[in-house]
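The structure under discussion appears below in the form of structure tokens.
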Number of protein chains: 2
Amino acid sequence: MANRSCIIRLSRYKNALNRLKTLNFVRVFSDNLADAAGVTAAQVRKDFSLFGITGNRRGGYKVDELADQLNKILGKEQLQEFVLIGVGNMGRALLHYPGFERSGISIAAGFEIDPVKYNPDGKPPVLPLENLAEFVKSRNITLAIIAVPDYAAQQVLGLVLAAGIKGVLNFAPICLKAPNGSIVNNINLETELENLIYFVNAHENGN
Amino acid sequence: MANRSCIIRLSRYKNALNRLKTLNFVRVFSDNLADAAGVTAAQVRKDFSLFGITGNRRGGYKVDELADQLNKILGKEQLQEFVLIGVGNMGRALLHYPGFERSGISIAAGFEIDPVKYNPDGKPPVLPLENLAEFVKSRNITLAIIAVPDYAAQQVLGLVLAAGIKGVLNFAPICLKAPNGSIVNNINLETELENLIYFVNAHENGN
DNA sequence: TAGATTGTTAATCGATTAACAATC
DNA sequence: TAGATTGTTAATCGATTAACAATC
């Protein structure tokens, strides 16, 4: 039903609403949210109608109610626990990323093959990869972030899914495909930069 | 003409071709590339035709030639130099990300407001933010990565564009809009995770 | 009531896919 | 030549936008 772009817009509306909340706004119009998210007002109302979110024909939407409904859709009602596989350069940054805590996301632990990186008393702890399945099951965790080198990514994905993980965000520079029953999203830094380079060049050449 | 999705597919084709090259493949069919990139063969041929890339009606495409043409489109022919603004948690990881060097991308320097983080002799060096404009001009750099806290991002974008930067990849958790004449792409970790959470839940509920 | 905004339907737009003549 | 694959056109599909009746 809803596609990736739609859900990304929902996140943007939610972020805009949080700012309005701190400013004590009570009501908001589709037009305002459209401006904040860089889309059209029709798009905003269409997105809401997809999820059965309704407002008031004259008075727009109540900020509090709308925020609650979007938060529910995006899973912000409960703490979302992730495990992180690969505590290298990028993994370490994610393990200590301060933005997660503020937004109801928690990395329960990092996992590594390299014993030098073990740190069972860290916050979050870094544990041996072989403990992953047990940890994930005992804590009922279904989400993972993969940040291992490219050559290890495919194999790690197998381990992670075998451990019972349902959703993966992959930072390894290789496009992982999601087998049946799982969701895998890829963030490829090199690809993002190539994209930027292309459009800067295209722009310079007057397209 | 070409949109973001199209260019991202081009990056994938290019990555697949690099692997084929190491395996000494000489020719490749649209069908093979389609499998590698997870799209249809018609999509591959359509993408190529957008850029005037042609093959052989019977023998597919020559791996070397095709790789050269894609590399040219994606700016892989020369070293692409970036500056990085914000050497915090995420910035530090990007500053030392080993994947960049391998792919013709170089971070020329990091810039910071916090003097504690200055490190003029580092590789790459970390310099005072006030030196940004001078550095960028003397080195003719047009690309930047922003990795500062949310409250600083908008102001930093202003500085960066004033310094002559044309393309920005933004990691700050706030959606920056590109003023005329510039390109700004956003990577929002929280949004990516919310997206994953939504689709995992939707999947579990049988959609 | 008059005016403004929603919710939804229909129209538009653009991207993907199918199909097939051209041709190596 | 016969067979296979491209390059491109036309058909399909889906997402965005415009428009407007419903209604607060």
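Source: prediction; values computed, not measured.
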_Residue whose closest nucleotide on DNA chain C lies nearer the 5' end, Ala41(A) versus Ser5(B)_ = Ala41(A)

*Name all residues meeting the ring-ring contact (aromatic ring centres under 6.0 Å, His included) criterion together with Phe135(A); count only those two or more places apart in sequence or in a different chain, and write none if there are none.*
Phe111(A)

*Do you know the tightest heavy-atom contact between Leu94(A) and Phe100(A)?*
O-CE1, 3.6 Å

_Tell me whether Asn89(B) contacts the main-chain N or O of Ala93(A) through its side chain, where contact means a donor paired with an acceptor under 3.5 Å._
yes

*Neighbours of DNA chain D within residues 59-73 of chain A, by heavy-atom distance under 4.0 Å*: none

*With a 4.0 angstrom cut-off to heavy atoms of chain B, pull out the first and last contacting nucleotide of DNA chain C, in 5'-to-3' order.*
dA15(C) to dC24(C)

*Before accepting this row, confirm whether a basic side-chain N of the pair Glu192(A)/Arg4(B) lies closer than 4.0 Å to the acidic partner's carboxylate O.*
yes

*Calculate, to the nearest 0.5 Å, the distance between atoms CG and CZ belonging to Leu70(B) and Arg9(B) respectively.*
12.5 Å

*Should Arg139(B) and Glu134(B) count as an ion pair when the cut-off is N to O under 4.0 Å?*
no

*Would you mind classifying the nucleic acid contact of Asn3(A) as base, sugar-phosphate or nothing, using non-hydrogen atoms under 4.0 angstrom?*
sugar-phosphate

Output side-chain donor-acceptor pairs under 3.5 Å for residues 166-179 of chain A, partner residues at least two apart or in another chain, one line each.
{"residue": "Asn170(A)", "atom": "OD1", "partner": "Ala172(A)", "partner atom": "N", "Å": "2.9"}
{"residue": "Asn170(A)", "atom": "ND2", "partner": "Ala172(A)", "partner atom": "O", "Å": "3.3"}
{"residue": "Asn170(A)", "atom": "ND2", "partner": "Ile174(A)", "partner atom": "O", "Å": "2.9"}
{"residue": "Asn170(A)", "atom": "ND2", "partner": "Asn186(A)", "partner atom": "OD1", "Å": "2.8"}
{"residue": "Lys177(A)", "atom": "NZ", "partner": "Asp35(B)", "partner atom": "O", "Å": "3.3"}

*Does the Thr40(B) side chain pair with the main chain of Gln43(B), one donor and one acceptor, at a distance under 3.5 Å?*
yes

*Between Asn71(B) (side chain) and Glu77(B) (backbone), is there a donor-acceptor pair under 3.5 Å?*
no

_Nucleic acid contacts - residues 42-58 of chain A versus DNA chain C, non-hydrogen atoms under 4.0 Å_ = Arg45(A), Lys46(A), Ser49(A), Thr54(A), Gly55(A), Asn56(A), Arg57(A), Arg58(A)

*Nearest non-hydrogen partners of Lys117(A) and Gly88(A), listed with the distance*: NZ-CA, 4.1 Å

*Check each of Lys76(B), Arg12(B), Lys72(B) against Glu194(A) using the salt bridge (Lys or Arg N to Asp or Glu O under 4.0 Å) test, and report the only one that passes.*
Lys76(B)

_Taking Arg92(A) first and then Glu112(A), would you say they form a salt bridge - that is, a charged N and a carboxylate O separated by under 4.0 Å?_
no

_Under the ring pair (Phe, Tyr, Trp, His ring centres under 6.0 Å) test against Tyr61(B), which residue among Phe25(B), Phe48(B), Tyr13(B) passes?_
Phe48(B)

*asked:* Give me the stems containing DNA chain C, sorted by first residue, counting only three or more consecutive Watson-Crick or G-U pairs with both distances under 3.5 Å; say none if there aren't any.
replied: C:3-24 with D:3-24

*At under 4.0 Å between heavy atoms, what does Arg9(A) touch on the DNA or RNA strands: base, sugar-phosphate, or nothing?*
sugar-phosphate

